[in-house]
Amino acid sequence: MNRALLSPGFVIGVFVLVVMIGGAALAPWIAPYDWNETGVGMRLAAPDADHWMGTDLFGRDLFSRVLYGGRFSLAIGLATVAIALVFGTALGASMGFFGGRLDRYAGRLVDVLLGFPPLVLAILVVAVLGVGLWSSGAAVGIAGIPRFARVVRGSTLSIAAQPFIDGARAAGTSGLRILWRHVLPNLIPTLVVLATLELGSAILATATLSFLGLGAQPPTPEWGAMLNSGREYVRYAPWTMIFPGLALFLAVMAVNLIGDRLTQALDPRLARRG
């Protein structure tokens, strides 16, 4: 476990993610300009000493917008994972522990939802909820519930077959209490790994919806929306897409590196192989 958490990949991932979160949190103090202040530089100006990442069509400083964009992109990514985690865990644990009709009918629903590509399912949810940053976040979160439910159900079945669960039942402990006191704590390693791995996908999916015009709307400096607004000028001002895209790439890469090493650290089978 220690080898996985001290590996270069994990250290690099944590460092990059901490820097990005710190930059987003401290944006009001370290950003040289307001994220929506127009005319601070020439329109579509190339990177220079005053504007490290250049400016956009309205003369807004891209460095400031990328910093503030982390507040939107990272926060909405965490929110989507939280939605999928809470509801997916509740559904999957109930299916695996109580079984019966609940497992049969809910399992069929989960199988149907898993048949849709996650992005397509998110677009369908956005069509119901409406266009917007938080609507797209909710859509991605709802689209992630079936994946959490399926993984948690399998883990719950394994835990429910352990002798200590039979002992709790023999002692007269209610099913809900067993689920809360004994099953859910043993699911934590699985949930930590799954949530970390899903975070990168969630950030990318919400950015994709914004790029398609279904998520954050101008002038919100969300990274996907910034990519969308800069695509028309990529031939003349490529920095309008390069830097938001680089921020998105680094965030997803860092989260995936952390998730991969956590999988090795918390999965005994992978730990033995390592």
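Along the sequence shown, residues are numbered consecutively beginning with 1. Computed from heavy atoms alone, side chains included, the values below leave out hydrogens, waters and symmetry copies.
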Treat each ILVMFWY residue as a node, draw an edge where side-chain heavy atoms are under 4.5 Å apart, and state whether [X] and [Y] are in one component.
| X | Y | answer |
| --- | --- | --- |
| Ile145 | Val140 | no |
| Val18 | Met253 | yes |
| Phe249 | Val252 | yes |
| Leu78 | Leu262 | yes |
| Ile203 | Phe211 | yes |

Would you check if the side chain of [X] reaches a backbone N or O of [Y] as a donor-acceptor pair within less than 3.5 Å?
| X | Y | answer |
| --- | --- | --- |
| Asn228 | Gly224 | no |
| Thr89 | Val86 | no |
| Thr55 | Leu44 | yes |
| Ser229 | Met226 | yes |
| Arg71 | Ala25 | yes |
| Ser136 | Leu214 | no |
| Ser73 | Trp223 | yes |
| Ser210 | Ala216 | yes |
| Gln162 | Ile165 | no |
| Thr80 | Gly77 | yes |

Give, for atom [atom1] of [X] and atom [atom2] of [Y], the distance between the pair rounded to the nearest 0.5 Å.
| X | Y | atom1 | atom2 | value |
| --- | --- | --- | --- | --- |
| Asp61 | Asn36 | CG | CG | 12.5 Å |
| Leu57 | Thr240 | CG | OG1 | 9.0 Å |
| Tyr233 | Arg43 | OH | CZ | 7.5 Å |
| Phe243 | Phe63 | CZ | CZ | 10.5 Å |
| Leu74 | Thr206 | CG | OG1 | 9.5 Å |
| Arg65 | Met53 | CZ | CE | 12.5 Å |

[X] and [Y]: which non-hydrogen atoms are nearest, and at how many Å?
| X | Y | answer |
| --- | --- | --- |
| Gly200 | Asn256 | CA-OD1, 4.3 Å |
| Gly88 | Phe148 | CA-CB, 3.8 Å |
| Trp239 | Ala45 | NE1-O, 3.1 Å |
| Ala139 | Ala122 | CB-O, 3.3 Å |
| Leu227 | Gly245 | CD2-N, 3.7 Å |
| Gly96 | Leu157 | O-CD2, 3.2 Å |

Candidate pair Leu184 and Leu187, rule side chain to side chain contact (heavy atoms under 4.5 Å, CB included), full reasoning: CA-CA 5 Å; Leu184 289 179; Leu187 286 172; 3.8 Å; yes
pair Arg147-Pro118: side-chain heavy atoms closer than 4.5 Å: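 A side-chain contact exists here, since the closest heavy-atom pair is under 4.5 Å.
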Thr190 and Val152, any side-chain heavy atoms less than 4.5 Å apart: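 Of all side-chain heavy-atom pairs linking Thr190 with Val152, none is under 4.5 Å.
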From CA spacing to verdict: side chain to side chain contact (heavy atoms under 4.5 Å, CB included), Ile76, Trp134: CA-CA 7 Å; Ile76 202 68; Trp134 293 106; 3.0 Å; yes
Phe72 and Trp35 aromatic ring geometry - parallel, tilted or perpendicular at 30°/60° bounds: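 Perpendicular, since the angle between the ring planes exceeds 60°.
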Hydrophobic cluster (4.5 angstrom, side-chain heavy atoms) - remaining members for Val110: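 Joined to Val110, directly or through intermediates: Leu91, Met95, Leu114.
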Decide if atom [atom1] of [X] counts as having more than 12 heavy atoms of other residues, nucleotides or ligands within a radius under 6.0 Å.
| X | atom1 | answer |
| --- | --- | --- |
| Phe164 | CZ | yes |
| Arg101 | CZ | no |
| Phe58 | CZ | no |

Distance under 6.0 Å and angle within 45° of ring axis: Arg169 vs Phe97: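 That pair qualifies as a cation-pi contact.
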